[in-house]
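When reading the values below, keep in mind they use all heavy atoms of this one structure, side chains included, and skip hydrogens, waters and symmetry mates. Per chain, numbering begins at 1; letters A, B, ... match sequence-line order.
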Amino acid sequence: AQSVTQLDSQVPVFEEAPVELRCNYSSSVSVYLFWYVQYPNQGLQLLLKYLSGSTLVKGINGFEAEFNKSQTSFHLRKPSVHISDTAEYFCAVSAPNSGGSNYKLTFGKGTLLTVNP
Amino acid sequence: KAGVTQTPRYLIKTRGQQVTLSCSPISGHRSVSWYQQTPGQGLQFLFEYFSETQRNKGNFPGRFSGRQFSNSRSEMNVSTLELGDSALYLCASSWGDRETGEAFFGQGTRLTVV
């Protein structure tokens with residue numbers, strides 16, 4: 001079975017500062033990796049995904065993430081944040097379920113990013 | 001292309017009642033998954049339906065059930081509501097057979113049990 005650890009439950013930053021949200025995963029098989037964002041009282045929106053190829057993945061709203069297989073990490077970064085980036089961010093991994101017949105998403109517990117003026 | 005639609009957006013129910021939530025997936029998607037989100041437990045997987053069959057199941061009591069129709073729309077039912085069932089219920093759809101696991105979420109139904 002796979003698991004996801006988001007190392008920080010809350011990250012406060014000032015506007016225009018850089019930010020990194022950390023995500024580590026464990027799995028005995030190859031995985032696909034995702035970052036989702038959730039604004040208050042909304043569903044989850046896909047920010048970016050790693051399926052294969054280049055380990056540096058660019059997403060919407062200026063976010064990017066780097067897949068590091070040796071460290072089993074998929075950290076999310078943005079060089080300069082805005083007030084509007086205040087939201088909860090979820091890292092997720094997808095891997096075949098035990099029967100191998102389909103893929104199952106497993107989420108981390110989320111990181112609340114608060115951008116202050 | 002329309003996204004995932006969940007109805008209703010908000011519900012208030014009394015303990016002991018039952019409730020049905022609805023989810024319409026993106027056109028062409030055959031998999032629908034349901035999640036419960038609470039401040040204490042985070043996102044918890046309830047179950048997944050694919051082609052009208054439950055394909056995966058989380059660790060929830062039998063009071064939580066679901067079904068999927070031939071047009072891929074899904075409903076989730078919670079019977080004998082408890083205060084602890086108050087949560088945001090999220091539905092996600094995916095192709096189901098082009099497997100990367102990527103899912104598209106609805107805006108959720110906020111259930112309050114009083």
Student: If Ile, Leu, Val, Met, Phe, Trp and Tyr residues are connected whenever their side-chain heavy atoms lie under 4.5 Å apart, and connections chain through other members, are A/Val81 and A/Leu112 in the same group?
Tutor: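 Unlinked, A/Val81 and A/Leu112 end up in two clusters.
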Student: In terms of heavy-atom contacts, does NZ of A/Lys109 have more than 12 from other residues, nucleotides or ligands at under 6.0 Å?
Tutor: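 No, NZ of A/Lys109 has 12 or fewer neighbouring heavy atoms, counting only those of other groups under 6.0 Å.
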Student: Heavy-atom cut-off 4.5 Å, strictly under: side chain, backbone, both or neither for A/Gln45 against chain B?
Tutor: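 Contact with chain B: none, neither part.
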Student: Are there residues of residues 6-17 of chain B whose heavy atoms fall under 4.5 Å of chain A's heavy atoms? If so, which?
Tutor: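 So far as heavy atoms go, B/Arg9, B/Tyr10 are the residues that approach chain A to under 4.5 Å.
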Student: Consider only side-chain heavy atoms of I, L, V, M, F, W and Y, link residues closer than 4.5 Å, and tell whether B/Ile26 and B/Tyr49 are in one cluster.
Tutor: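 Unlinked, B/Ile26 and B/Tyr49 end up in two clusters.
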Student: Honestly curious: do A/Leu7 and A/Phe63 fall in one hydrophobic cluster under the side-chain, below-4.5 Å linking rule?
Tutor: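 Result: no, two separate clusters.
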Student: Under the ring-ring contact (aromatic ring centres under 6.0 Å, His included) definition, can you give me all pairs with a residue in residues 7-33 of chain A, not counting sequence neighbours?
Tutor: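 Applying ring-ring contact (aromatic ring centres under 6.0 Å, His included) to every pair that reaches into residues 7-33 of chain A, excluding sequence neighbours, yields A/Tyr32-A/Tyr103.
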Student: Just to be sure I understand the criterion: a residue of residues 70-91 of chain B counts if one of its heavy atoms is under 4.5 Å from a heavy atom of chain A. Which ones qualify?
Tutor: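 Interface residues of residues 70-91 of chain B: B/Leu88, B/Leu90.
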Student: Hydrophobic cluster membership, with links at side-chain heavy-atom distances under 4.5 Å among I/L/V/M/F/W/Y: are B/Val32 and B/Phe60 in one?
Tutor: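 Same cluster: B/Val32 reaches B/Phe60 through Ile, Leu, Val, Met, Phe, Trp or Tyr contacts under 4.5 Å.
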Student: Chain B: which of A/Leu51, A/Asn41, A/Leu46 shares the most heavy-atom pairs with it under 4.5 Å?
Tutor: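 Most heavy-atom pairs under 4.5 Å with chain B: A/Asn41.
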Student: Anything in residues 33-47 of chain B with a heavy-atom distance to chain A below 4.5 Å? Please list those residues in order.
Tutor: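 Listed by number, the contacting residues are B/Tyr35, B/Gln37, B/Gln41, B/Leu43, B/Phe45.
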Student: Using the rule that two of Ile, Leu, Val, Met, Phe, Trp, Tyr join whenever any of their side-chain heavy atoms come within less than 4.5 Å, decide whether A/Leu44 and A/Ile60 are in one cluster.
Tutor: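 Looking at the clustering, A/Ile60 is in a separate group from A/Leu44.
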Student: What distance separates B/Glu102 CD from A/Tyr36 OH, expressed to the nearest 0.5 Å?
Tutor: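 Spacing of CD (B/Glu102) from OH (A/Tyr36) equals 5.5 Å.
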